[in-house]
Amino acid sequence: MLIRHLDFFVTLAEERHFGRAADLCGVTQPALSLALRKLEEDLGVTLILRGQRFMGLTAEGERVLIWGRRILADYGDLRAALDGRRKGGLTGALRLGVLSAAAPLVPALSARFEARNPLARVSISQLAPEAILEGLRGLALEGGLTRAPEEEAEGLVWTPLWREAPLFACRKDHPFASGLAHGWSDAASQPLCATEETARREFAPRKIRAAVVCSGLDGVLAHLREGLWCAVVPEAFRHLLGAEDEILLHPLDEESAAPSLGLLTAAREPPSPMAQALLDCVAALREEWTQAAPSA
């Protein structure tokens, strides 16, 4: 069985179209079909439901798809490890899924990864927690910056990085700009801007209405700068503020759970070279922030 035949099969399963799969694999459609027939002969099972077009996978094909992705991932990791030793750093892309609340933490992580692996690139996708889990399990991501899973995530490893406490945000010229802490009832009395996730996670249970809902924290920051809105933002929002921003952040005086943000990776031994490089950068970042905490 050839690795490229397995690659053809996984590509077809993902594209669900013979012509598109052939184009992506850089071969003609007859050559693709011949390679897939050879793979079925090597394994002794029928993998693909064929008709006038792609009809899906057999039960055996679904099982081979799971193993095929793992085998291709391991083969890619082997190539990456060998290239890294030869070239003095990883090449290719680090695929990272990021929760909106964790987005402000990404530049510090990217900077450390880039310094250690100048020939690699970082591909960042802002995703919901469920999509991050799916991407890790399907080997489409090397890591996910997200919240701690509410339930045990089988096959995944959690590394905490940051405690996320909700903060009230307003401009310096707002009546609430005093140093006093404010509560959820105070926040609810103001026109609020929030991310979709904050509106769902924090506002909905308290029956608070958001006047403006944004997909990410960058949109919330833009509305805060305009001065017509206040916001409830995660602790990591501090990383988005520049010296020119006349925005103040105050803790909410009511007790509120402060879930952890951190890194999820696949529980593979050994970890892929990309995942290990990511874990090393997270460990370095945790150490820096821990040392800086007493003087913060």
Atom CZ of Arg63: over 12 foreign heavy atoms under 6.0 Å: no
Ile124 with Leu217, same ILVMFWY side-chain cluster at under 4.5 Å: no
Test item: Val220 and Val212 side chains (from C-beta on) under 4.5 Å apart, heavy atoms: no
Geometric class of the Phe176/Phe168 ring pair [parallel <30°, tilted 30-60°, perpendicular >60°]: tilted
Within one Ile-Leu-Val-Met-Phe-Trp-Tyr cluster: Leu263 and Met274, side-chain cutoff 4.5 Å: yes
Side-chain donor/acceptor of Glu40 to backbone N/O of Leu47, under 3.5 Å: yes
Side-chain heavy-atom pair Trp158, Thr265 within 4.5 angstrom cut-off: no
In one Ile/Leu/Val/Met/Phe/Trp/Tyr side-chain cluster, 4.5 Å: Leu261, Leu109: yes
Rounded distance [0.5 Å steps], OG in Ser189 versus CD1 in Ile208: 9.5 Å
Cluster link Val122 to Leu278, ILVMFWY, side chain under 4.5 Å: yes
Flag, side chain of Arg147 to backbone of Ser260, donor-acceptor distance under 3.5 Å: no
Minimum heavy-atom distance His239-Trp162, with the two atoms named: NE2-CH2, 3.5 Å
Side-chain touch Leu133/Leu156, heavy atoms, less than 4.5 angstrom: yes
Whether Arg112 side chain and Pro107 backbone form a donor-acceptor pair below 3.5 Å: no
Greater than 12 external heavy atoms within 6.0 Å of Arg37's CZ: no
Heavy atoms from other residues, nucleotides or ligands near CD of Gln276 exceed 12 (cutoff 6.0 Å): yes
Salt-bridge present (Lys172, Glu246; N to O < 4.0 Å): no
Sequence neighbours excluded - ring pair (Phe, Tyr, Trp, His ring centres under 6.0 Å) pairs with any residue from residues 193-223: His223-Trp229
Pair Asp186-Gln190, side-chain donor/acceptor within less than 3.5 Å: no
Audit row: Arg69, Glu14, salt bridge (Lys or Arg N to Asp or Glu O under 4.0 Å) steps and yes/no: CA-CA 11 Å; Arg69 284 173 169 156; Glu14 292 174 348; 3.5 Å; yes
Heavy-atom side-chain proximity of Leu167 to Val232 below 4.5 angstrom: no
Pair up each side-chain donor or acceptor in residues 93-101 with any protein partner under 3.5 Å, not counting sequence neighbours, and list the distances.
| unit_1 | atom_1 | unit_2 | atom_2 | d |
| --- | --- | --- | --- | --- |
| Arg95 | NE | Ala140 | O | 3.4 |
| Arg95 | NE | Glu142 | OE1 | 3.1 |
| Arg95 | NE | Glu142 | OE2 | 3.1 |
| Arg95 | NH2 | Leu139 | O | 3.2 |
| Arg95 | NH2 | Glu142 | OE2 | 2.5 |

Nearest non-hydrogen partners of Leu105 and Ala236, listed with the distance: CD2-CB, 3.8 Å
Side-chain donor or acceptor of Arg206 paired with backbone N/O of Glu202 under 3.5 Å: yes
Whichever hydrophobic residues join Leu24 through chains of side-chain contacts under 4.5 Å: none
Arg121 atom CZ: more than 12 heavy-atom contacts under 6.0 Å: no
Between CD1 on residue Ile48 and OG1 on residue Thr58, distance to nearest 0.5 Å: 8.5 Å
Atom of Ile71, atom of Ile3 and distance for their closest heavy-atom approach: CG2-CD1, 4.0 Å
Step-by-step side chain to side chain contact (heavy atoms under 4.5 Å, CB included) determination, Glu196 to Arg201: CA-CA 9 Å; Glu196 294 171 352; Arg201 182 183 178 91; over 6 Å; no
Reported OG1-to-CG distance for the pair Thr195 and Asp218, which is rounded to 0.5 angstrom: 10.5 Å
Criterion salt bridge (Lys or Arg N to Asp or Glu O under 4.0 Å) on Glu235 and Arg238, from CA distance to verdict: CA-CA 6 Å; Glu235 179 76 25; Arg238 295 184 189 277; 2.8 Å; yes
Euclidean distance, Cys25 SG relative to Arg20 CZ, rounded to 0.5 Å: 12.5 Å
Rounded distance (nearest 0.5 Å) linking atom CG of Leu32 with atom OG1 of Thr11: 8.5 Å
Distance-minimising heavy-atom pair for Leu39 and Phe9: CD2-CB, 3.6 Å
Expected output: side-chain His174 to main-chain Ala177 donor-acceptor under 3.5 Å: no
Pair His5-Lys38, side chain to side chain contact (heavy atoms under 4.5 Å, CB included): steps then yes or no: CA-CA 8 Å; His5 292 172; Lys38 182 65 170 64; 3.8 Å; yes
Any Cys193 side-chain heavy atom under 4.5 Å of Val213 side chain: no
Distance-minimising heavy-atom pair for Arg200 and Pro205: O-CD, 3.6 Å
Contact summary for Val233 and Ala169, nearest pair of heavy atoms: CG2-CB, 4.2 Å
Validation row: Leu224, Phe237 side chains within 4.5 angstrom (heavy atoms): yes
Donor-acceptor contact below 3.5 Å, side chain Gln126 vs main chain Ser215: yes
Spatial distance of atom CG (Leu161) from atom CZ (Arg286) [nearest 0.5 Å]: 7.0 Å
Ile247-Leu228 co-clustered via ILVMFWY side chain contacts under 4.5 Å: no
Note, Arg53 side chain near His17 side chain (heavy atom, < 4.5 Å): no
Check: Val106 main-chain N/O paired with Ser110 side-chain donor or acceptor under 3.5 Å: yes
